[in-house]
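Only one structure is covered here, and it is reproduced in the block below.
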Amino acid sequence: MHPHEHLIRDFYRAFAARDTEAMARCYHPDIAFSDPVFPMLHGPDAGDMWRMLLSRASDLVVTLDDASGDAEGARAAWTARYTFTRTGRPVVNHVHALMAFRDGLIVRHYDSFSFWRWSGQALGPAGRVLGWLPPLKWKVRKDAERALRTFQSRRG
């Protein structure tokens, strides 16, 4: 197994075990993370995002469905099952990840998933109807950014 594949398997093993410190150790200090909710996080913000999400999602179950890695980078497919805390609605989110590496650590992490499908599950009928419209995505992003900053301020 290539070391990059081994590292991403370690990352998702830590994720499934809710070990955010082990997840953060897989990241290079110059990490850039992006997904449909957090379009660009850099450095410590990426680790803090996982710390915040895992502190809220008491019933989160993460499954690594597929992973591969080589000298060029790595790919993973993973599934998150959890209750969206703001609405109490169940979510099953299928995510595809692309990663790049520097100095043996993840330096770029891009997660992609259907925002429309996610918003329909997390937000219910309003998310199903409005989830494809940019204003809803902007609101979710703004709320997520605010929640991350609040989380970070409380951590000190």
* Just wondering, are more than 12 heavy atoms of other shown residues or ligands nearer than 6.0 Å to NE2 in His6? ->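 12 or below, so no.
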Atom pairs and distances, side-chain donor-acceptor, residues 124-134, under 3.5 Å, sequence neighbours left out:
from, atom 1, to, atom 2, distance (Å)
Arg128, NH1, Gly120, O, 3.1
Trp132, NE1, Val129, O, 3.0

Side chain to side chain contact (heavy atoms under 4.5 Å, CB included) partners of [X], counting only residues at least two apart:
X: Ala77; value: Asp65, Asp66, His96
X: Leu54; value: Phe15, Arg18, Thr20, Met23, Leu60
X: Thr150; value: Arg146, Arg154
X: Ala16; value: Val62

* Among all residues two or more places apart in sequence or in another chain, which pass the salt bridge (charged side-chain N to carboxylate O under 4.0 Å, His left out) test with Asp111? ->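 Listed in chain order: nothing, the list is empty.
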*Side chains of Ile106 and His28: closer than 4.5 Å at any heavy-atom pair?*
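Not touching, per the 4.5 Å side-chain cut-off.
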Does a side-chain heavy-atom distance below 4.5 Å link Phe11 with Trp78?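 No, every pair of side-chain atoms sits at 4.5 Å or beyond.
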Closer than 3.5 angstrom, by distance alone: can the side chain of Asp70 be matched with the main-chain N or O of Gly73 as a donor-acceptor pair?
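Side chain of Asp70 to backbone of Gly73, a donor-acceptor pair under 3.5 Å: yes, one is there.
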Exercise. Is Phe101 reachable from Leu105 through a run of I, L, V, M, F, W or Y residues, each pair having side-chain heavy atoms under 4.5 Å apart?
Worked result: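 The answer is no; the residues belong to distinct hydrophobic clusters.
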In chain order, what residues pass the side-chain hydrogen bond (donor to acceptor under 3.5 Å, both in side chains) check against [X], with sequence neighbours excluded?
X: Arg117; answer: none
X: Glu5; answer: Arg9
X: His94; answer: Thr79
X: Glu72; answer: none

[X] and [Y]: which non-hydrogen atoms are nearest, and at how many Å?
X: Tyr12; Y: Met99; result: OH-CE, 3.3 Å
X: Arg51; Y: Ala24; result: NH2-CB, 3.5 Å
X: Leu148; Y: Asp45; result: CD2-O, 4.1 Å

Could you tabulate the donor-acceptor pairs under 3.5 Å formed by side-chain atoms of residues 83-92, not counting sequence neighbours?
from, atom 1, to, atom 2, distance (Å)
Thr83, OG1, Asp59, OD2, 2.5
Thr87, OG1, Arg89, N, 3.3
Thr87, OG1, Ala122, O, 2.5
Arg89, NE, Gln121, O, 2.9

**Message:** Regarding Arg149 and Glu145, does a basic nitrogen lie under 4.0 Å from an acidic carboxylate oxygen?
**Reply:**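 Salt bridge between Arg149 and Glu145, a charged N being under 4.0 Å from a carboxylate O: yes.
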Pair up each side-chain donor or acceptor in residues 29-38 with any protein partner under 3.5 Å, not counting sequence neighbours, and list the distances.
from, atom 1, to, atom 2, distance (Å)
Asp30, OD2, Arg102, NH1, 3.0
Ser34, OG, Pro39, O, 2.6
Asp35, OD1, Val37, N, 2.9
Asp35, OD1, Phe38, N, 2.6

Donor on one side chain, acceptor on other, Gln152 and Arg155, under 3.5 Å =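 Checked: Gln152/Arg155 side chains show no N/O donor-acceptor pair below 3.5 Å.
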- Message: Determine whether Lys137 and Lys139 satisfy the following criterion, side-chain contact (heavy atoms from CB on, under 4.5 Å), listing intermediate values before the conclusion.
- Response: CA-CA 5 Å; Lys137 187 180 280 190; Lys139 179 174 181 358; over 6 Å; no
What verdict does the side-chain contact (heavy atoms from CB on, under 4.5 Å) test give for Leu53 and Tyr82, after you've listed the backbone C-alpha separation in whole Å, the side-chain angles of each residue and the deciding distance to 0.1 Å?
CA-CA 11 Å; Leu53 293 177; Tyr82 60 97; over 6 Å; no
